[in-house]
Every structure is written in C-alpha cells, then in structure tokens.
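I have placed the structure first, in the form of structure tokens, so that the comments after it can refer back to it.
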2 protein chains.
Amino acid sequence: MGASKTHHFSQHQNTIASLAKALAHPARVAIIDYLLSVDTCICGDIVNELPLAQPTVSQHLRELKTAGIIKGNIEGNAICYCIDENVVAVLQAYFAHIAQLLNHKKTNCC
Amino acid sequence: MGASKTHHFSQHQNTIASLAKALAHPARVAIIDYLLSVDTCICGDIVNELPLAQPTVSQHLRELKTAGIIKGNIEGNAICYCIDENVVAVLQAYFAHIAQLLNHKKTNCC
DNA sequence: TTTTTATATTGCAATATTACGATATAGATG
DNA sequence: CATCTATATCGTAATATTGCAATATAAAAA
C-alpha cells in the first residue's frame, strides 16, 4: 500500500500532523520567515525572495493556505497573504503543553 | 526533478522543517502522545497502542529518532525511547517567537 | 540449547511530494 | 483593445513517503 491511515488517529493528532506537514519543507519555513520580516500582509514579491521557480513558490503557498497557516486574498495582480495567528497559537500551545509535561515527568532513563 | 533543494535555505529553516517533517504524520504524533501519557521512558508496548503493523511502527520510531525528537536505547528485548526535551524547547521557542512578532505587527489586512 | 518474545531490517507496491516548463488567468497600464 | 506584470493551474518527471509481509536479530525464558 502506501496511503496514510489518517482516519485511525484522533482529530487533534491529525490537526497537529497536518500543520507540521505544512511546515515540513524549508521553502515554506522561509516563506513564513519572509512574511514575518516584512511586517505586512502585502507580499507581492515572494517569488524573488526564494531560490525556486514561480510555479513552485505558488504551489508552496497553496499548501500553506490549504493547511490554514496562511490566509490570503488576491488583490489585482498581486496577492495578500498573512500568517493566521490562531494556527500559530495552536502550535505554540501544543509544544508548551509537551514541555510542561516533560518538566513534571518523574522517570528519566535516557 | 523532484528532489528537495534544502541546501538553498538556511540551517535554521532546515532544522525547523526537519523537525516539523518528523511530526508530519498522525502516527508519529500519536507516538509522542503515548510517550507523554505513560510518564516514563520504558515503552515496550508501543506497537499495541497503534493501529499499524510492527514494522511500520518501528519505521516511524526510527524517523522520530533520526530527526532527534526522541532518543532511546535498546534494553534487552525491549526498547527505551524518550522525548528529547531540548528539541521540544526549540520548537516551543520558534512558535513563541512567531506569536510575539505577530502580536507586535502593525499592518493587518487579512 | 531451544523456544519465546520483542524490535529492527529488507524488499517492494501504492501513493504523495517536489520542481518546473508551458500555459492560463486577471488586473493594471499604455 | 493590446500589452505588461504577477500569480495560478496543468502536465509530467524525479524522488520521497507509507505500509506491510517476510525475515533477521537479540535478549529472556523454559
């Protein structure tokens, strides 16, 4: 086979996995970095900031948008993409939760 | 083509992408969940906790270990895997940093 | 030592991802 | 309207991931 058995896992597990998957490529992390660095949503020149062809960047943007990490609209012949703060909050809470549990852990054999 | 152009991106971007990739499958998120729930490193029965065959679970464990998210040793015919707290700290810091930048953002068009 | 038990590795089929050339789309500009 | 500019989509090749049966490995138990 080869298809992911996503339906065997909880909704939260699938949510985290889906968000992680969206960030599982350095180009998409670079897109997030760039969106943060310009401190604005209007980012019509993302293509020039990345070492990838325009269709590839467009594809990565779509994956980020499908995962819900960025939200955006088309404005004329430019785009307007921004990071969705709520999704960042979900991920931040997830890792904070893990860190907290690990802090309170008793056993530690490794 | 199809090969990832990882060398075109920064080390930090590749690190984040690599860690995200390790969590980009619900089975691996479920493994993390389980490791946290048992509050111990000794987890010889992970296979029974997942709806996947033993070789598949072993493969997911190896991917988590290769990415550095879990560390572990073999102890007899059992295994001893634990979450690496340092890696969790890296991810927690990353998303906290993003959240902070978004909080201080001036423009907000989306 | 043989068997049992538990995990790792190999090999392979099915599917998904990555990248980009070619082309389509759509608003802005002349 | 024709052209320019910027992004999206299509089609396709190369590569990576996913899952498991079969098999290997290795310590514990009989």
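Within residues 57-65 of chain B, the residues approached by DNA chain D to less than 4.0 Å at the level of any non-hydrogen atom are B:Q59, B:H60, B:E63, in residue-number order.
Rounding to the nearest 0.5 Å places CG of B:D33 at 10.5 Å from CZ of A:F9. Taking CZ of A:R62 as the start and CD1 of A:I70 as the end, the distance is 12.0 Å to the nearest 0.5 Å.
Residue A:Y81 has no polar side-chain atom (N or O) positioned under 4.0 Å from OP1 or OP2 of D:dA6.
What separates NE2 of A:H8 from P of D:dT18 is a distance of 15 Å, to the nearest Å. The CG-P distance, from A:L23 to C:dT18, rounds to 12 Å in whole Å. B:R28 places its CZ atom 9 Å from the C1' atom of D:dT18, with the value rounded to the nearest Å. Rounded to whole angstrom, the span from the CG atom of B:L52 across to the P atom of C:dT7 amounts to 14 Å. If you take NE2 of A:H25 and P of D:dA16, they are 11 Å apart, rounded to a whole angstrom.
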Using the rule given for side chain to side chain contact (heavy atoms under 4.5 Å, CB included), can you reason through A:I16 versus B:I32, listing the C-alpha separation, both sets of side-chain angles and the distance that settles it, and then say yes or no? CA-CA 11 Å; A:I16 295 296; B:I32 298 297; over 6 Å; no
Residues A:Q13, A:S10; criterion side-chain hydrogen bond (donor to acceptor under 3.5 Å, both in side chains); working and verdict: CA-CA 5 Å; A:Q13 285 162 350; A:S10 76; 3.3 Å; yes
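For D:dA8, its base sits under 3.5 Å from the side chain of A:Q54 at one donor and acceptor pair at least.
Nearest-nucleotide positions on DNA chain C place A:A27 closer to the 5' end than the other of A:P55 and A:A27.
Checking side-chain atoms of B:K65 against main-chain N and O of B:G72 turns up a donor-acceptor pair under 3.5 Å. A donor-acceptor pair is defined here as one N or O able to donate and one able to accept, closer than 3.5 Å; such a pair exists between the side chain of B:R28 and the backbone of B:K21.
Comparing D:dA16, C:dA19, D:dT18 against the side chain of B:K21 picks out D:dA16 as the nearest.
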